[in-house]
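What follows is a set of notes on a single structure, which appears directly below.
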Protein chains: 2
Amino acid sequence: MERREQLVSVAFGLFYRYGVHAIGINRVIAESGVAKKTLYNHFPSKEALVAATVEYRDRQFSSWIEGRTQLAPDGQSAILALFDALDDWFNEREKLIHPFHGCYFINVSAEFSDLNHPVHQQCASHKRSMLGLISGYISQIFSDEKTVVTLSEAVATLKEGATVQAHVMGDLKAAVKAKAIAEELLKARFADHATAVLL
Amino acid sequence: MERREQLVSVAFGLFYRYGVHAIGINRVIAESGVAKKTLYNHFPSKEALVAATVEYRDRQFSSWIEGRTQLAPDGQSAILALFDALDDWFNEREKLIHPFHGCYFINVSAEFSDLNHPVHQQCASHKRSMLGLISGYISQIFSDEKTVVTLSEAVATLKEGATVQAHVMGDLKAAVKAKAIAEELLKARFADHATAVLL
DNA sequence: GTCAATGTAGACAGATCGGTCTCCTTCGTT
DNA sequence: AACGAAGGAGACCGATCTGTCTACATTGAC
């Protein structure tokens, strides 16, 4: 079990830094100090190793984001905390989740572009659970189902957009900017709901 | 000159579909019907070919987006037309710019993750020029420099976020949703400016 | 000590990688 | 016809790819 985790951790680091297809399994074993036979004892193929890295990152990233958001006093604070967490990630103030090379799930989807590919589906699944997390916080603020859905998706869109801008353009303030927009969208709906109550 | 364009076009199609490192130059020459010697006559290396595909896509995508937005009667219509264009692209109603496999510049940045890599910088440059296009339309609406910058970046963030959601999650309505948020942000600033005038 | 589980180093195999180079062909210009 | 530019087929090279397998070592349980 120890060796398996080590392989996944090292492979993730290399794939995240250089891309899945740019790194061969010989590099993974060289840097992990694990024998090739052991690698193939644990994983039937390179692709299985890739899938394991996606799952590893999913758990790592999700638990980190939850840790940064779930102690917030209310739904709005949680959403803003999400963008604060992104800001720390983009600016590499956070050592728990690896130096920033963009979003692993976006990157892996680029290399496994077919929507039906199992690895791509793993990435989609991660995105859906992030949307679910956001939706949970938004529904602490608003009870109107339509508002919850619309706003959750907007926040998720801003999150993904900011991540791309941070990575592709090197915009270190992308999260701060996206946070301001998210806050604006939230406040606009407070106003809407206040109006509805008054009428 | 004819052979060069053919190589770039075919290489782009393959790299966009499967990823740069997943496709070797032998596949490119096999599918383009161009001899290997000819390829190396035109490009000193695979990386130079990759760079040429990024430039090719930059021109293709930018001219397409401009074509879809510059005839709009005003800045707001142009921004909304941008999202309509994205919608057609995600839903493959547009044959001029290749079937949808996410954003080539995001995908290539994933494989050339180092911000200092020339190919990565080409992708960043494309994103900056898209931001410039958006900024041009927004400045047709608002003269306040701060509003132009803030709103342009918000629109660009929504554009990137929607693209990721369309690709990773297969969300075919991502552009429509992002458009609604962009419209909301625009209208909120009309209200702001109307208030300023009244005061 | 014995045995099974786990792991090691690395040879091996067929395939492909990016890039170099030989020999030849075609075409346009002089 | 001669020449140079452009291009073709594909052999060749050293390296690496993914995956298989041999011979051996270590460790923990019995």
Side-chain angles (χ1 to χ4, degrees), chain A residues 1-56 104 107-108 110-114 117-120 122, chain B residues 1-57 104 107-114 117-120 122:
Chain A
M1 291 307 139
E2 186 71 12
R3 281 311 200 194
R4 188 186 191 279
E5 194 72 3
Q6 189 174 353
L7 278 169
V8 175
S9 171
V10 169
F12 164 71
L14 290 166
F15 294 159
Y16 185 38
R17 175 79 182 77
Y18 300 104
V20 172
H21 289 104
I23 296 292
I25 62 112
N26 285 319
R27 178 107 184 250
V28 174
I29 61 177
E31 302 215 9
S32 61
V34 176
K36 194 183 288 191
K37 188 164 168 57
T38 304
L39 184 151
Y40 282 100
N41 282 347
H42 289 289
F43 303 99
S45 64
K46 183 183 177 181
E47 204 168 282
L49 176 62
V50 173
T53 65
V54 173
E55 188 182 322
Y56 167 84
Y104 191 56
N107 295 353
V108 170
E111 295 196 64
F112 295 84
S113 171
D114 182 350
H117 196 289
V119 167
H120 190 116
Q122 276 181 290
Chain B
M1 293 304 138
E2 187 70 12
R3 281 313 200 190
R4 189 184 189 282
E5 194 74 2
Q6 188 176 352
L7 277 168
V8 174
S9 172
V10 168
F12 165 71
L14 290 167
F15 293 158
Y16 184 39
R17 176 77 181 79
Y18 299 104
V20 173
H21 289 100
I23 296 291
I25 62 113
N26 286 318
R27 178 108 184 249
V28 175
I29 61 177
E31 302 216 10
S32 60
V34 177
K36 194 184 287 190
K37 192 168 165 55
T38 304
L39 186 150
Y40 283 100
N41 281 347
H42 288 289
F43 304 98
S45 63
K46 183 186 179 181
E47 204 166 282
L49 175 62
V50 173
T53 64
V54 173
E55 188 181 323
Y56 166 85
R57 181 58 168 181
Y104 191 59
N107 295 350
V108 170
S109 294
E111 296 198 63
F112 296 84
S113 173
D114 183 349
H117 196 288
V119 168
H120 190 117
Q122 277 181 286

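Scope of the values below: all heavy atoms of this structure, side chains included, with no hydrogens, waters or symmetry mates. Chain A is the first sequence line, chain B the second, and so forth, proteins listed ahead of strands; every chain is numbered from 1.
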Say whether, by atom type as modelled, one donor and one acceptor occur between the side chain of B:Gln6 and the main chain of B:Val34 under 3.5 angstrom. no

Does A:Asn26 place a side-chain N or O at less than 4.0 Å from the phosphate oxygens OP1/OP2 of D:dC17? yes

For C:dT6, does either OP1 or OP2 sit under 4.0 Å from a side-chain N or O belonging to A:Arg4? no

Measure the distance from NZ on B:Lys36 to C1' on C:dT22 and round it to the nearest whole Å. 14 Å

Side chain to side chain, B:Phe12 and B:Glu55, heavy atoms closer than 4.5 Å: no

Would you kindly give the CG-to-C1' distance between B:Leu39 and C:dT20, to the nearest whole Å? 13 Å

Please check: side-chain N/O of A:Lys46 versus main-chain N/O of A:Val20, any donor-acceptor pairing under 3.5 Å? yes

Nearest-nucleotide comparison on DNA chain D, the residue closer to the 5′ end among A:Ala22 and B:Ala35: B:Ala35

Between A:Lys46 and D:dT18, does any side-chain N or O lie under 4.0 Å from OP1 or OP2? yes

Ignoring backbone atoms, establish whether B:His42 has a side-chain N or O less than 4.0 Å from OP1 or OP2 of D:dG7. yes

What is the distance, rounded to the nearest whole Å, between atom CD of A:Gln6 and atom C1' of C:dG7? 12 Å

What class does the angle between the rings of B:Tyr16 and B:Tyr104 fall in, given that below 30° is parallel, 30 to 60° is tilted and above 60° is perpendicular? perpendicular

On the six-membered ring of B:Tyr18, is B:Arg27 placed so that its NZ or CZ lies under 6.0 angstrom from the centre and within 45° of the ring axis? yes

Rounded to whole Å, NZ of A:Lys37 lies from C1' of C:dC12 at a distance of 14 Å

Using OP1 and OP2 only, check whether a side-chain N or O of B:Asn41 sits under 4.0 Å from D:dA6. no

A:Arg27 CZ to D:dA15 P, in whole Å, measures 17 Å

Looking only at side-chain N and O atoms, does A:Thr38 come under 4.0 Å of OP1 or OP2 in C:dT8? yes

Rounding to a whole Å, what distance do you find between B:Leu14:CG and C:dC17:P? 12 Å

Starting from C1' on D:dG7, measure out to CZ on B:Phe43 and report it in whole angstrom. 15 Å

Whole angstroms only, please: what is the CD1-P distance between A:Ile25 and D:dG19? 7 Å

